[in-house]
Amino acid sequence: MSNISKYICLFLAASSISGACLEADAARLSVTASTDSTTLIQASKAMIKVEVSGVGENVRPVSLPEAGQDYNGIEVSSVKADTTKLDDGSVKIVYDIAIQPFDPGTFTLPPFAFASANDTAFSEALTLKVLEVDLDSLTDINPMQGIVSVDRKWYDFIPDWTVWILVGILVAVIAFAAYILLKRDRNVFTKKKKETPPYDLAVMRLNELQTKKLPQSGRDKEYYTELTDILRQYLEGRFGINAMEMSSTQIIYTMRHNAETKPGSELMKQVLEIADFVKFAKVRPLPDDNVKSFNSALKFVEDSKPLPPVEETAGDKKEQTDKTN
C-alpha cells in the first residue's frame, strides 16, 4: 500500500470517530430550570419551567415534584408536561410546575434530576423569597360604581294606571282569601316567633362552639370560621353593621369610627387577625392562641351587652307627679 493510500484511510477513520463523538455530544442529556418570579407574596402563585433536551424517549424523572406535594416547604398546585420530538431524533420535554407558597421566608428548591439510558443530569437549584402579607395596607375602601343604564323591556311601556288596576284586583283577591281562611280557622295566622336578642344568641353560640372542641381535633379552620361568623352576626344584630359583607380590615375600620363599638375594636382585631392567618395562610395556631381568641370574642360580647332598662321607683314616680302638678 502506498503512502497516499495510508493517509486516505487514516483521514476516513478520523472523520468517522469525530462524527460519532459529535453525535454523542448532541445526544447528551441537558436539564434547565427557571421561574417567572423569584420574589412572591404569601399565598400568591408562580410558575417553574423545567426543560429536558438532548435525549431519547426513554428519559425518566429522578427528582420531580407531584401535584399536591409539599416540595421543600412550598405547595405544588399542578404539574404539566409537553413533549416535542426534534429533527435530530432527540426529544425535548418541557414541564410547567405551578407553585403556591403559604409561609413567608426564603426557600431553596433542590435541583431537578432526570436520567436516560447512559446519562443523568441535574438542573440548577432555585431560590424563592416569600414576603408576608401586609394586612394594615388594606385600609382603603373602594368607591361606589357609577350608575349603569338598564335596557327597557316591553312591559316598561305599559301605562301606570293599568298597573294600579291589576294591583287593586290582586288586593281584593287576597282580602277575600284571607276572609275565607279566617272564617274557617281563627288560628290560621299565628303569632310570629319571638326572635332571640343578639347578645343572648351570641353567648349561646359561643358556648356551643366551645363544647365542640374543634381545635383539639385539628379542625382549626372550621373553628375560626364559626367564631368570626358569630361575631359578624352579632355586630349586625346589635349595632346594625353589615359585617357579613365586609373584610376584616373594613370591619375594624368601621368599628373604630363608631362610638359604640370603638372600645371593643382592639379585641375584635385580635380575633380577626389570627382567624385570617388560619383560614387564608393555613397557619396552625397555638393552643394559647385559640383560648385567647375565644376569650377576646366573649369579652367583646360581654362588654357591649345592652344595659337593662332603668325601673322607676315609687319615689321617682311621686317626684315626677309633683313636678307635673
Do NZ/NE/NH1/NH2 and the carboxylate oxygens of Lys292 and Asp288 come within less than 4.0 Å?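 No, this pair does not count.
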Answer yes when Lys212 and Glu226 have at least one side-chain N-carboxylate O distance shorter than 4.0 Å, and no when they do not.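 The answer is yes: the pair qualifies as a salt bridge.
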To the nearest 0.5 Å, how far apart are [atom1] in [X] and [atom2] in [Y]?
{"X": "Met246", "Y": "Leu272", "atom1": "CE", "atom2": "CG", "answer": "12.0 Å"}
{"X": "Lys269", "Y": "Ile274", "atom1": "NZ", "atom2": "CD1", "answer": "12.0 Å"}
{"X": "Ser37", "Y": "Met47", "atom1": "OG", "atom2": "CE", "answer": "13.0 Å"}

Do any N or O atoms from the side chain of [X] and from the backbone of [Y] form a donor-acceptor pair under 3.5 angstrom?
{"X": "Thr261", "Y": "Met255", "answer": "yes"}
{"X": "Thr228", "Y": "Thr225", "answer": "yes"}
{"X": "Gln42", "Y": "Phe102", "answer": "yes"}
{"X": "Glu51", "Y": "Thr32", "answer": "no"}
{"X": "Gln233", "Y": "Ile230", "answer": "no"}
{"X": "Arg232", "Y": "Ala243", "answer": "yes"}

Side chain proximity check, Pro65 to Ile97, heavy atoms < 4.5 angstrom: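 Yes, at least one pair of side-chain atoms sits under 4.5 Å.
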Are Met244 and Asp229 packed together at the side-chain level, in the sense that at least one heavy-atom pair is separated by less than 4.5 angstrom?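 In contact.
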Please find the pair of heavy atoms, one from Asp96 and one from Lys49, that lie closest to each other, and give the distance.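 Looks like OD1-CE, 3.6 Å.
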Please find the pair of heavy atoms, one from Phe114 and one from Leu64, that lie closest to each other, and give the distance.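 For Phe114 and Leu64, the tightest heavy-atom pair comes out as CZ-CD1, 4.1 Å.
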ring-ring contact (aromatic ring centres under 6.0 Å, His included) assessment of Tyr224 paired with Phe280: CA-CA 11 Å; Tyr224 279 96; Phe280 303 116; over 10 Å; no
Can the ring centroids of Phe107 and Tyr71 be said to lie less than 6.0 angstrom from one another?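 No - the distance between ring centres of Phe107 and Tyr71 does not fall below the 6.0 Å cut-off.
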Does the side chain of Tyr234 pick up a donor-acceptor pair with the side chain of Ser304 at under 3.5 Å?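 Checked: Tyr234/Ser304 side chains pair up, N/O donor to acceptor below 3.5 Å.
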